[in-house]
S.K.: 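Quick one: structure below, then a few questions.
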There are 2 protein chains.
Amino acid sequence: MQDFVFHNPTKIIFGDEAELRIIADIKEAGYQKVMLVYGMNSVKASGLYDKIVRRLIKNELKFTDFGGVKPNPSLSHTQEAIEWARKNGVDCLLAIGGGSVIDETKAIAMGVPYAGDVWDFFEKKAEPLSALAIFAVLTLAATGSEMNDGSVITNESQQKKYAFSTPLVFPKASALNPALTLSVSKRQSATAAADAMSHIMEGYFTKKNELRLNDRLSEALLKTIMADTQKIMENPSDYEARASFMWSATMALNGILSVGLRECSFPNHLLEHSLSALYDIPHGEGLAIIMPAWLSWFSQREPKRVDRFCKKLFKKSGEEGVAAFEAWLKSIGLPTRLEDVGIMNTDIPKITTNILASAERSKSYKEYDRKTVEDILKRAAK
Amino acid sequence: MQDFVFHNPTKIIFGDEAELRIIADIKEAGYQKVMLVYGMNSVKASGLYDKIVRRLIKNELKFTDFGGVKPNPSLSHTQEAIEWARKNGVDCLLAIGGGSVIDETKAIAMGVPYAGDVWDFFEKKAEPLSALAIFAVLTLAATGSEMNDGSVITNESQQKKYAFSTPLVFPKASALNPALTLSVSKRQSATAAADAMSHIMEGYFTKKNELRLNDRLSEALLKTIMADTQKIMENPSDYEARASFMWSATMALNGILSVGLRECSFPNHLLEHSLSALYDIPHGEGLAIIMPAWLSWFSQREPKRVDRFCKKLFKKSGEEGVAAFEAWLKSIGLPTRLEDVGIMNTDIPKITTNILASAERSKSYKEYDRKTVEDILKRAAK
């Protein structure tokens, strides 16, 4: 077990009317002007936006808003939001949406008090010294961003999708009302499952030391996420399944699972981020394509480890185990090959170049050279 | 899944020299005068006390101290400590010890700013409005007090052992250095295992709704604690086993496992607290006596639930499963019957009277009437 510091100060408000109860937290903390950050029209069409605004008014909180966050949140939109937040003198941010909205909100929070370009943080050219306070109302359970300190932003002009983390951007509080996720489409629910599973699998496979507790907790969460997802596919209105999935997806990336691990890294995310940077496909779909390919490649290096995973979840081992994992992803409607989302195999060298540029930013990905990355991507071809 | 609020702000500093690194946290938070709270001579004999004091001096922090906390921390000692803290004008507390020391430290923290008697909180006659800041250096992993908001104090003159919790007493930071636990005796390690397991089992058995995630996480932790304990019994110097046990015992009662549970209650603790209040036996030994008896009684009400537990952990079911659990506790050297710690069966009515007085304080224990409690205690007789 490696030395570690665990400190996750985010308050989770879970259940009925959480999206309104969180406003009391903003008020009690003494903030005065809130910027609402959200995505497309759905939060307005559903009436959620109006409900929250009415509660803000009732609490005598001033507010402004900034919508239009995209599924792979973009640097340019983030920069505009930073300008808007400064111009309006807001002292805290309220994200209303899924992981993309919360991720962009985190970037805004770091960017507002910073004199330079917020992209500096993602390029590791600067470290943030302060950030605006963040609150979040979650409408799509998947990324875990509601209870962690990470953010992923896409620099569209440079076709780079980079991650950054700092304890400064842990949300002060996040509202998780499973009822808000009952209307999430089957397709989005499936990509959410792939995303949440990937967060657990990255630590499960990349750690270098034996940690039985983390293994067991990871398997407990993976089994639960798979069972919940199957229930959601059968009946999207199943509150219990939505609730269990919502909390499981949060647990998947709130730090509990990676405690004490050495060299925990995110190779599937490294590879996937280039797919969504280049082709703007949903992150979860990209992961469903990358993960079986990566697992197939990894099983040659660590066959016992992959066998344990496949046996625990699919009661199969070896190539049959990896195939069972891919079949499960397919069964919930996800693409699992590059061609399924219209990416040509002839693009593999180009995708690899993008991945290598990203890999250079971290020591964790030394072994991911051109040959290895192309090998993995070819396994994702038909 | 029930609505819940989860907010655990305690920072965990885990590993090498954690007991010194935590002093920087006290300094950075701006506290100026620390009261060290500890138990018997062991923290001085081991050199730990001196190491910490030198680091306090190096950081120009003033301090006073108050030792002598007992294994079942007493109200009278707590009251003396409160007086001492007031007299010395301390602004934060540093617990150095196990769960008893941290529990008493929490009571001191609530008591210092309160005009009345701190016992009022335990009798539910008053609610604390503020508390001194708490830091902790853990030397015995067992109770989870280092990362939760609960405290148990014994009122010796009234022979009452009562629990109380308030978010005000979450430690700001806790230092968990597994190396400090390498010298913990086998007997204490065994009682620690019983205690940590009991914290998981209480929620596992008393919840009223089906929560697969909590079940699976609980089983993951129980398996890990049992495996670690067996390793510790074979080789008390096994750092990995000590480290895994230490974090598992913290996880057992830091709130993660009880999230979303309805009617989670602590009947084994209710029963045990009377044993240690009346006979001053170690809490973990009392639990090892109570738990198999309680499980035997509970298996008549919820046979499926008890069978799941016994199958997962001992690959047995029914009476054989309960017997296997008791045999496992015995195998690590714990007493499992009243007689093993010198309690006469003829005392059962007296113990029951004490338990009933304690049960009256909470709605959760309505079903624990004289007949039921005596039934359970008789199962703990030879």
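Quick note on labels: first sequence line is chain A, next is B, and so on, each numbered from 1.
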S.K.: Under the ring pair (Phe, Tyr, Trp, His ring centres under 6.0 Å) test, which residues partner Phe4(A), sequence neighbours left out?
M.R.: Phe14(B), Trp247(B)
S.K.: Show me, pair by pair, the donor-acceptor contacts under 3.5 angstrom made by side chains of residues 248-260 of chain A, not counting sequence neighbours?
M.R.:
| from | atom 1 | to | atom 2 | distance (Å) |
| --- | --- | --- | --- | --- |
| Ser248(A) | OG | Ser244(A) | O | 2.7 |
| Thr250(A) | OG1 | Glu146(A) | OE2 | 2.6 |
| Thr250(A) | OG1 | Met246(A) | O | 3.1 |
| Asn254(A) | OD1 | Ile256(A) | N | 3.2 |
| Ser258(A) | OG | Gly255(A) | O | 3.4 |

S.K.: Considering heavy atoms only, which positions within residues 215-224 of chain A lie below 4.5 Å of chain B?
M.R.: Arg216(A), Leu217(A), Ala220(A), Leu221(A), Lys223(A), Thr224(A)
S.K.: Kindly write out the residues that satisfy ring pair (Phe, Tyr, Trp, His ring centres under 6.0 Å) with Phe170(A), not counting sequence neighbours, or none if the list is empty.
M.R.: none
S.K.: Please check if atom NZ in Lys316(A) has more than 12 non-hydrogen atoms from other residues, nucleotides or ligands closer than 6.0 Å.
M.R.: no
S.K.: Is it true that a side-chain atom of His7(A) and a backbone atom of Pro9(B) form a donor plus acceptor pair closer than 3.5 Å?
M.R.: yes
S.K.: For Asn8(A), which atoms come within 4.5 Å of any heavy atom of chain B: side chain, backbone, both, or neither?
M.R.: backbone
S.K.: Top residue by heavy-atom pair count (under 4.5 Å) with chain A, among Val5(B), Asp3(B), Asp228(B)?
M.R.: Asp3(B)
S.K.: If you draw a 6.0 Å radius around NZ in Lys172(B), do more than 12 non-hydrogen atoms from other residues or ligands fall strictly inside?
M.R.: no
S.K.: Might you point out which heavy atoms bring Tyr239(A) and Met1(B) nearest each other, and give the distance in Å?
M.R.: CE2-O, 4.3 Å
